[in-house]
Structure formats: C-alpha cells, structure tokens
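Predicted model only: the values in this text are computed from it and were never measured. To find a chain, count down the sequence lines: A is the first, B the second, and so on, and within it residues start at 1.
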Protein chains: 2
Amino acid sequence: MINYELYKVFYWAAKTGSLSMAAKSLFITQPSVSHAIKQLEISFGLTLFYRNSKGVTLTPEGVTLYSYIEKSQILISLAEEKMASLKNLDSGELRIGGSDSLFKHYILPYLESYHQKHPSIKLHLNHGTTPETIAFLKEGKIDLGVARLPIVDSQIEVMKGIELQDCFVAGPRYAELKGKVLSLERLLQYPIILFSRNSRVRMAITELFTSYGYQIKPEIEVGSVDLLIELASKGLGISYVTKEFISKELDEGSLFEIQLDIKMPPSQVGFMIMRNMPLSNAASKFIELVK
Amino acid sequence: MINYELYKVFYWAAKTGSLSMAAKSLFITQPSVSHAIKQLEISFGLTLFYRNSKGVTLTPEGVTLYSYIEKSQILISLAEEKMASLKNLDSGELRIGGSDSLFKHYILPYLESYHQKHPSIKLHLNHGTTPETIAFLKEGKIDLGVARLPIVDSQIEVMKGIELQDCFVAGPRYAELKGKVLSLERLLQYPIILFSRNSRVRMAITELFTSYGYQIKPEIEVGSVDLLIELASKGLGISYVTKEFISKELDEGSLFEIQLDIKMPPSQVGFMIMRNMPLSNAASKFIELVK
DNA sequence: ATTGATCATAGACGTGGTCTATAGCTCCTG
DNA sequence: CAGGAGCTATAGACCACGTCTATGATCAAT
C-alpha cells in the first residue's frame, strides 16, 4: 500500500515543476523529495517525471496521475481550512433543545452575546418537552438541552444553571390579596390557572400540595407561559408562574405576588449534555459562556 | 503540517465505524489506528469520533471532515487503479512520428500485432518530414520517431531498424532496359522521377550522383511514394524508389528494377527517442516488440 | 459473574524517512 | 573555454516516529 505522504510530495513537485522548490514548500530537503518521487515511481513501475537541469516536468503518465492527485490534494486543503474554521467557530452550528419559556427568559441573552461573538455559527433552537429534549439529545439531534431539574438519566450529564422561584400571582381584580399571607386552604378557594398536565412544573406543584394534604385542581389549564401571565393579569384567576419570568409585569403592577404561609421550594434549571460524548466545539464554547 | 497518512486511517475508521476494522483493512494494529486518530484530533483541536463499546461514530465535525476526505481518498484509489492500468497497458497511448511510406511499409505490421496485444492503447500516427518529426519529439508531442538515418542530434537517441535498398525502376514502356546494366550517364538520358526536393532520399541521391560527377535533374517531382510508383508503371519515366516498398509491383511485373554499374548504398531506417527522457510504458513495449 | 467485544494507554522497538555530503549534469556567463 | 550556479541523484548515517506487544478500562450480552 502506497504511503499517501508521497502524493503530497508528488503534488508539490508537479505543481512547482521542481524538486528543490517542492522541498522548500514542504520544509524538507531536496534529496528527500527526490527519494519520495522515486518511491512512487517504483511503486507504480512507471516514470512520472522527466528530469533535466532546469527542474522536472511530468511524463504523460505523470500528467494522468496529477489530474487525480491535484483534485485530491485540493480537497484535503479545503478540509483542513474547514476544520480550522470549525475550531475558530468561524463556521459550525449550535443546536439547543428545551422549552420555549426557558429559551425566552433564560437562554436568550446568552444566545445574543454568543451570536455576537460567533456570528457565523448557525443557531438551532429545538423546543419540546423535557423527555423529548432528552430523546433528541440521545439521538444526537441537539448538542445541548435546557430543562428544570432533577433529571435522572445515567447517560446524561447535568450542569446546574440558574435557580428559579415559582410563585402564585394575581392581577388587580384580586387586589384585596395584596400584602396578605394566605394559607394553602385559603388559596384554593380562588380559581387557579396552571400549566398543562404534562409539564414538570405542574407535576411539582401538584406533588407539593399533596404533601401538605391538599389537592390542587385548576379552573383553567394552558399550554404557554405567556397565557398564564395574560389570564392572571386579566383577572381570570391566580396563576402559578416563575417569578423571574414576570419581572416586567410585577414592576408594572399588572401582576402581584401572593404570599403564602409556606415556602415554595425553588426549582433548579440545568443544562444537559450526553455523558461520554464529546461536545462540538460550538457547544462547549456556549457552555463556557454561560458559566 | 498534517501527515496525509492519517487521513487514510481516518477514512477507514469512519468508513468501517470501527478502529479495529480499520486496523485490519490497513494491515496495522488497533492501537496504531487509535493513535493516528488521536493525532488528527489533536492537530485540529477537535474531536472527530464518538467512542463507545460498539465502535466509533463520527461527531458533527468528523462528518464534515469525512465529506471532504472521502472524495479525496476515492480520487487516490482511482489514480492508483489508473496507474496500474497504464502499467499493464490496459490504457494509455502510443504516439509515433515519421513518414507515411515508412508507416505503411515498415511500421504497419508491428502496429497490428501491438494493437492485438494491447487493444486498449490508443495509437496516434503523426506523419511529417524528418525535421518535423524531430521537432515533435523534442516538444514531447510524440513518443517515438521513425526516419532514415543518419540523424545527428545530441538530444536524440537512435536505434537501427531495417535496412532499405533504394533503386531505379521503370515500367513496361522501358522494357528494353530489363536485364541490362546501365551506366549513370546512360540512365540520365531517360526521364527521371524523384521525390520532392526537401526529402532525405532526394538529398542522398543528388549527393551520390554529384560524387560520381553527374547532376541528376528530374523531369517530374512528386510528394508521395505512391505517385512515384504509379508514374513509373504508367511509363512516364524512371522512378527512384525503395525496393522493399514495391515488392508487389516487382512480382506483378508492372515495374522492374534497373541494374546500374555502381552499387547503390543501402539506407538505414532508425527509431528515434529523446535521450534522457523516459519512455512511456506503451512506447517502450512497442520498441521491445520491434526488436 | 463471565465472556467477548470495543477503544485507550504505556513503553519498547526498529524501520523508514530525513538529513548531510557529494557527485553528475546542463546551462549560462565573463 | 573555464568556472559558476542551477538542477537532480546517490550514498550512508541517524534518529524520530509509527508500529508493535501487553495491558487496562469500559460496556454489552450471555
């Protein structure tokens, strides 16, 4: 089997028309080039160059070989350039999976500064439920997932991100509750608006109430955080939302937080990557940024 | 600079999805493959493969690299196949320069058997005068030239071929000369047909007559051997032709040789190749055949 | 648990590619 | 025409690097 290094030497010798020049280009000595070309010629049993005192020119067989090798070498050069650009993040893509609300309220600022630093990296946001995100991760369809913890999966490595505080909020319609500290029992007398049944937040709050001996049954179920906010501020009920996601509404006064006589446990957001799978350069740079 | 051998290893590892399989394909051990891949990864600063207990799969960066390297490797394989076929004379071409008459009467039988042996070799016959043939040879436009000797050119190597005997012939119209031995003086009383002025045969015969103190001035000058034969047999004069080229006419009796009282010097045909320039495989096989 | 895959790592080995030095050749120049 | 400045080829020494063996680590399947 022929050593492919020889083709590199052949390429430069043919391209420059001189073994000496090829040697300079390859940072080796002329006898090495001479030797390499001879090896190729012996392997093929054909002469590839006419040698004369001015340099070398290709024989017809050499021309034939060159027509293939030139293309091959150009491809390799392109490959090397591409690899360098992938490393420098001058190209490549970053694929993140998670929920729309986390994207909007947590990831977005990071994405902005990442995109500013690496404008050539294509960004793919793949929204879905946590199990879907985990599945995408395992299928290699995303580099990185964002979700609320805990995540228990031996194949997945989790890094803690921001800590979020969920709370109940109401609009001006329930102004009488402002400043008061409610018991759970009292709270349940109001119409409750919750996120749809399959979400992790929903499961968490249901469990919490159960642990205190209550059952929480919403009047309204919705599928987006925006609707939770919207409906609460319109006075249709009391929504259970992430405090950090409604800072604007709290400031404006279109929503206010309802104090409870128990402490709502914080919820931890985490990044998920596949354990034992190297991160793409684009993804690892993003994680660095977030840290 | 990256050792191109590593791409060969990478190609096989990616293609087979297994370092062990790649090792078998490349007739090296698995640790060598492992080592080679790691070298590539270090050079690029990127991870190319996901490793697991079933083998390896490409990372996104690896996929990108593979898309280039695969094409490159395929080109090299094609190149190697092509080189092998050039060596086996399953492809290639043979370009011969010389005069039409030498092609027709001397080279043709060799060409036939050559073509039979190597039917895939394309044959190019490039007819021209001897100086033109030499020029073509120097420009690399032909591999091989055929011409009458002597050729004096330091760049050209000459190999002797057949020896030809030129002679004067006439047709039935001059039947009275059959069997007689003519002096040059006597011969010159008949109309003479010669090849055109720029040919070597013409120069040779002119010189011969001059050396005997005569001047030979043709009634007719023609540009092809066929015409020399044609005109002589029609009785338009006495042609000076190569005996070996008119054996058919001599047998038929449409021409007969005119005996002279001097011996006509034989003329030597030779093959010309460029000195210090390797022959194409196709050409060297042809020369072997002729010998 | 055991077996049999996989790839990774460590360290020894030896070959092959690179080097220096020199020769041979051709072309150009004073 | 001698001498110099290119070029490539050859010889022989050397050592880096690619390959090997041996072993470890991990995982999956039996």
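The side-chain hydrogen bond (donor to acceptor under 3.5 Å, both in side chains) check on B/Gln73 picks up nothing, with sequence neighbours excluded. A/Tyr106 is linked by a ring-ring contact (aromatic ring centres under 6.0 Å, His included) to A/Tyr110, A/Phe271, counting only residues two or more places apart in sequence or in another chain. Taking the side-chain contact (heavy atoms from CB on, under 4.5 Å) definition, one finds that B/Thr47 meets it with A/Pro278, B/Glu41, B/Arg51, B/Thr59, sequence neighbours left out. With sequence neighbours excluded, no residue satisfies side-chain hydrogen bond (donor to acceptor under 3.5 Å, both in side chains) with B/Asn52. The side-chain contact (heavy atoms from CB on, under 4.5 Å) check on B/Ala79 picks up A/Leu65, A/Tyr68, A/Ile69, with sequence neighbours excluded. Residues passing the side-chain contact (heavy atoms from CB on, under 4.5 Å) test with A/Ser34 are A/Leu19, A/Gln30, sequence neighbours excluded.
Screening residues 282-291 of chain A for side chain to side chain donor-acceptor pair (under 3.5 Å), with sequence neighbours left out, gives no hits. For residues 8-35 of chain B, the set of pairs meeting the salt bridge (Lys or Arg N to Asp or Glu O under 4.0 Å) definition, not counting sequence neighbours, comprises B/Glu5-B/Lys8.
In this entry the distance linking NZ of A/Lys24 with P of D/dT8 reads 10 Å, nearest Å. A straight line from CD1 of A/Ile37 to C1' of C/dG17 spans 14 Å, rounded to a whole angstrom. The nearest whole Å value for the distance from the NZ atom in B/Lys8 to the C1' atom in D/dG18 is 13 Å. A straight line from CG of A/Asn52 to C1' of C/dC25 spans 10 Å, rounded to a whole angstrom. When rounded to the nearest whole Å, the span between CZ of B/Phe27 and C1' of D/dG18 equals 18 Å. The separation between B/Phe49 atom CZ and C/dT6 atom C1' is 14 Å, rounded to whole Å. Atom CD1 in B/Ile28 sits roughly 14 Å away from atom C1' in C/dC7 (whole-Å rounding). At whole-Å resolution of the value, OH in B/Tyr50 and P in D/dC27 are 17 Å apart.
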Expected rows: protein N/O vs nucleotides 9-12 of chain C N/O, under 3.5 Å:
{"residue": "C/dT9", "atom": "OP2", "partner": "B/Lys38", "partner atom": "NZ", "Å": "2.4"}

Distances for protein N or O near nucleotides 12-17 of chain D N or O, under 3.5 Å:
none

Just the atom pairs and distances: protein N or O near nucleotides 28-30 of chain D's N or O, under 3.5 Å.
none

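Put simply, the side chain of A/His127 reaches to within 4.5 Å of the side chain of A/Phe103, judged on heavy atoms. For the pair A/Arg95 and A/Asn126, the minimum side-chain heavy-atom distance is 4.5 Å or more.
The two residues A/Ile156 and A/Ile134 make their nearest non-hydrogen contact at CD1-CG2, 3.4 Å. The shortest heavy-atom contact between A/Asp143 and A/Ala283 is CB-CB, 3.8 Å. Between A/Gly92 and A/Leu86, the shortest heavy-atom distance links the atoms CA-CD2, 3.7 Å.
Checking the phosphate oxygens (OP1, OP2) of C/dT6, no side-chain nitrogen or oxygen of B/Arg51 falls inside 4.0 Å. Between A/Ser32 and the phosphate of C/dG17, there is no side-chain N or O to OP1/OP2 separation shorter than 4.0 Å.
Aromatic pair B/Tyr7/B/Phe10: centroids not less than 6.0 angstrom apart.
Contact check of residues 9-22 of chain A against DNA chain C (heavy atom, cut-off under 4.0 Å) returns no residues at all.
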